[in-house]
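These notes are about the structure you will find just below.
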Number of protein chains: 2
Amino acid sequence: MVHASNERRPTLEAVAARAGVSRATVSRVVNGGAGVRGEVRERVRRAVTDLGYVPNSAARSLVTRRTGAVAVVIAEPETRVFADPFFGRQLRGISRELSAADTQLLLLLQETRAGHERIGRYLSAGHADGVLMFSLHRDDPLPAMAEASGLPTVYGGRPGWAGAERALYVDTDNRDGARQAVRHLRARGRRRIAVITGPLDQTSAQDRLDGYRDALDPATADPRLIADGGFTAQGGERAMAELLAAAPDLDGVFVCSDLMASGALRTLRAHGRRVPEDVGVVGYDDLDPAAWTDPPLTTVRQDVEEMGRLMARLLLRRLAAGPGAARDEPAPVVTPATLVVRESG
Amino acid sequence: MVHASNERRPTLEAVAARAGVSRATVSRVVNGGAGVRGEVRERVRRAVTDLGYVPNSAARSLVTRRTGAVAVVIAEPETRVFADPFFGRQLRGISRELSAADTQLLLLLQETRAGHERIGRYLSAGHADGVLMFSLHRDDPLPAMAEASGLPTVYGGRPGWAGAERALYVDTDNRDGARQAVRHLRARGRRRIAVITGPLDQTSAQDRLDGYRDALDPATADPRLIADGGFTAQGGERAMAELLAAAPDLDGVFVCSDLMASGALRTLRAHGRRVPEDVGVVGYDDLDPAAWTDPPLTTVRQDVEEMGRLMARLLLRRLAAGPGAARDEPAPVVTPATLVVRESG
DNA sequence: ACGCGGCATGAGAGCGCTCTCAATCCTTTC
DNA sequence: GAAAGGATTGAGAGCGCTCTCATGCCGCGT
């Protein structure tokens, strides 16, 4: 049954009148029907479909103090969010898990510099039951907003700010992944191995740089071999150009994301360096673009979708447990990283 | 002021008590403060910040019948949503415009085949004041859901289903854009011009194909020169391979999206065809990837971000006008398309 | 036949907010 | 100085739903 936008939608009261029962009984049926006689339940169900009744969510969450929704906050300009397949994949995992639990996903984008203020207000207004937050930078104001809202929060990536010891998060073993990448380059005989990092105020970027250092022959360490590509394709392009200028003799690059690696490959080609003959390249993420580059990218695989799913699952567990539940308290999760060898290095 | 998650957030009542006024007065101040004496207003404001009061949105929208949120529904699997920069750009425009009007954006993704059912329920439950919907296919059940919910709706792309004559939408002149692309290829001396289309149950894809036919020399029309690339990169790759097999003598391709064009370029390279020497390629969209391909892509520009902004603006006007307002009724918008010549054709 | 436990149902009190309407208080004007 | 008129403020009735508690009904044991 369709309602014109000006006529009011039917309420519980209306359904109750039609089914010849009380509001309370209709409410019980709508919420599962436990404790209602089969015959009555059917009668109410019929009234519901006849009238096209849909519960008013505002009224419901006013009394239950639950919204059935989880906010996903991404601390990046949309430019990056939609340019980097990483977010899409993670979101997909989250989305899958949430909808299985019949929970709505609210995507909050931070448009402006001051956007966190809006987001904080939104969270505090009680639009969501919990928060998933990722891609955080060291002195991002967002975690404080989440904290202030009092909502259970799960972070994507290990939080790096002070006082985050008790935070719940899902991360991959970035440091180990980086080690594998660099070891692989060394095993293939590369001696001058550079690195293109992400923004170092993110723990994932810092951890990968640390892993690079771990696996490097200390004798070949050289600050000129390190450049920041900001986790964007253009950044990777630029960083690669800088590296080639500062250390023309480099023969390997570990690029801390596939997206940056695609940029780096372009620069290498433009400079006439052949990959992998002259320079070996290893990326990080193993998202779709990795297989599409020319040549296909050797990279470090992290199951991004699974990470998203884990984040959601952690949060749902937390929500189900209730505010003060100490037993069965969920704990942070760290997933492994594995090297995928293709043709670039 | 931060509240532990178990202690209740302060209510209007609490603020009123602290400021020594009535609930009604606090409500006035919170909603702008019109008609409240300056001194009282200040006192209330102080009480608000002292207590860290944030209005409960459920209670508010229960009475106002407004949520301050707009739902954006994308009728595609997330795989496409996050792989195609088109959506990101459009969303960005929408997001900009909405946040300027202090309206929240709710992104609803359709995960499963049956996802529209969930979405319909969500819309009907009154979580949003209006709907923005794009990338619709001919017999998509989503518009019916939007219709049933009674919410004002604006579509991205001209709706193609029956009974959509009165629908509000924003579109570009796809047919004209396609004509320009094909005319350009002809002007460069191409005689056997193929086309890689999107899914033809979308009006944008059909319109571009029509434009291709308009501009083609009728004498050279040939069904073997038409292939469907499904608006994805892999689809473009595959379609290009099919075309080369069916018509090895082709010397030009009009590819109906940049993403598909990037795939087509890969296939051409793999088959040893030089671009633009052997085959001229023109894309559609002019999104970031267009400039990054090798060679950079000649393409048809549509201002996707602006389209998003226009969609949001249209919806906001509609919402502001109220349900039955006939005066100043917003009308569909069609934006122009322009050719951007780079190196691929 | 009576009382009791258990299940199904209804009555009614809110959840936190907005908004109408009446009451109050100042000015202003004659 | 008093009445009129406008600006402030407060009281109170809901918005639609959930949930507790009281009530009514049944079959059971004694």
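Note on naming: letters A, B, ... go to the chains in the order of the sequence lines (proteins, then strands), and numbering restarts at 1 for each one.
- For D:dG10, the OP1/OP2 oxygens have a side-chain nitrogen or oxygen of B:Ser22 closer than 4.0 Å.
- Checking C:dC17, D:dG10, C:dA11 against every side-chain atom of B:Pro55, the shortest atom distance belongs to C:dC17.
- Taking only side-chain nitrogens and oxygens, A:Ser27 comes nearer than 4.0 Å to OP1 or OP2 of D:dT18.
- Contact annotation: side chain of A:Arg65 to base of C:dG16, donor-acceptor pair absent below 3.5 Å.
- The base of C:dT18 lies close enough to the side chain of B:Arg23 for a donor and an acceptor atom to sit less than 3.5 Å apart.
- Across the protein-nucleic acid pair, A:Glu39 atom CD and C:dA8 atom C1' stand 12 Å apart, rounded to whole Å.
- In this structure, CG of A:Leu51 is placed 14 Å from P of D:dG16, rounded to the nearest angstrom.
- Close to D:dT18, at under 4.0 Å from its OP1 or OP2, lies a side-chain N or O of A:Arg60.
- Under 3.5 Å, the side chain of B:Arg9 and the base of C:dG16 form no donor-acceptor pair of N or O atoms.
- The residue among B:Thr64 and A:Ala59 whose nearest nucleotide of DNA chain C is located toward the 5' end is A:Ala59.
- Distance B:Arg28 CZ to C:dG16 C1': 17 Å, rounded to the nearest Å.
- Atom CZ of B:Arg43 is separated from atom C1' of D:dT9 by 12 Å (rounded to the nearest Å).
- Screening A:Ile94, A:Val131, A:Leu168 against A:Val154 for a side-chain contact (heavy atoms from CB on, under 4.5 Å) leaves a single residue, A:Leu168.
- When side chains are defined from C-beta on, A:Leu132 counts as touching A:Leu315, because their heavy atoms get closer than 4.5 Å.
- Counting heavy atoms from C-beta on, the side chains of B:Asp140 and B:Met133 never come closer than 4.5 Å.
- Rounded to a whole Å, the CG atom of B:Leu62 is 11 Å from the P atom of C:dT18.
- Using modelled atom types, one finds a donor on one side chain and an acceptor on the other under 3.5 Å when comparing A:Ser135 with A:Gln202.
- B:Asp129 places a side-chain N or O within donor-acceptor distance of the main-chain N or O of B:Thr67, the cut-off being under 3.5 Å.
- Mapping A:Thr11 and B:Ala24 onto DNA chain D via the closest heavy atom, the residue that lands nearer the 5' end is B:Ala24.
- Listed nucleotides C:dT9, D:dG10, D:dT9 differ in distance to B:Val36; the shortest reach to its side chain belongs to D:dT9.
- For A:Val63, whose side chain is taken as the heavy atoms from C-beta onward, the closest listed nucleotide among D:dG14, C:dC21, D:dC17 is D:dC17.
- Here the side chains of B:Gln90 and B:Met311 are in contact, with some heavy-atom distance below 4.5 Å.
- Across the protein-nucleic acid pair, B:Asn31 atom CG and C:dT20 atom P stand 13 Å apart, rounded to whole Å.
- Atom P of nucleotide D:dG16 and atom CD of A:Glu13 are separated by 10 Å, given to the nearest angstrom.
- Spacing between atom CZ of A:Arg66 and atom C1' of D:dC19 amounts to 16 Å, rounded to whole angstrom units.
- At C:dG10, one or more side-chain N or O atoms of A:Thr25 fall inside 4.0 Å of OP1 or OP2 (strictly under the cut-off).
- A close approach under 4.0 Å does not occur between any side-chain nitrogen or oxygen of A:Asn56 and OP1 or OP2 of D:dC15.
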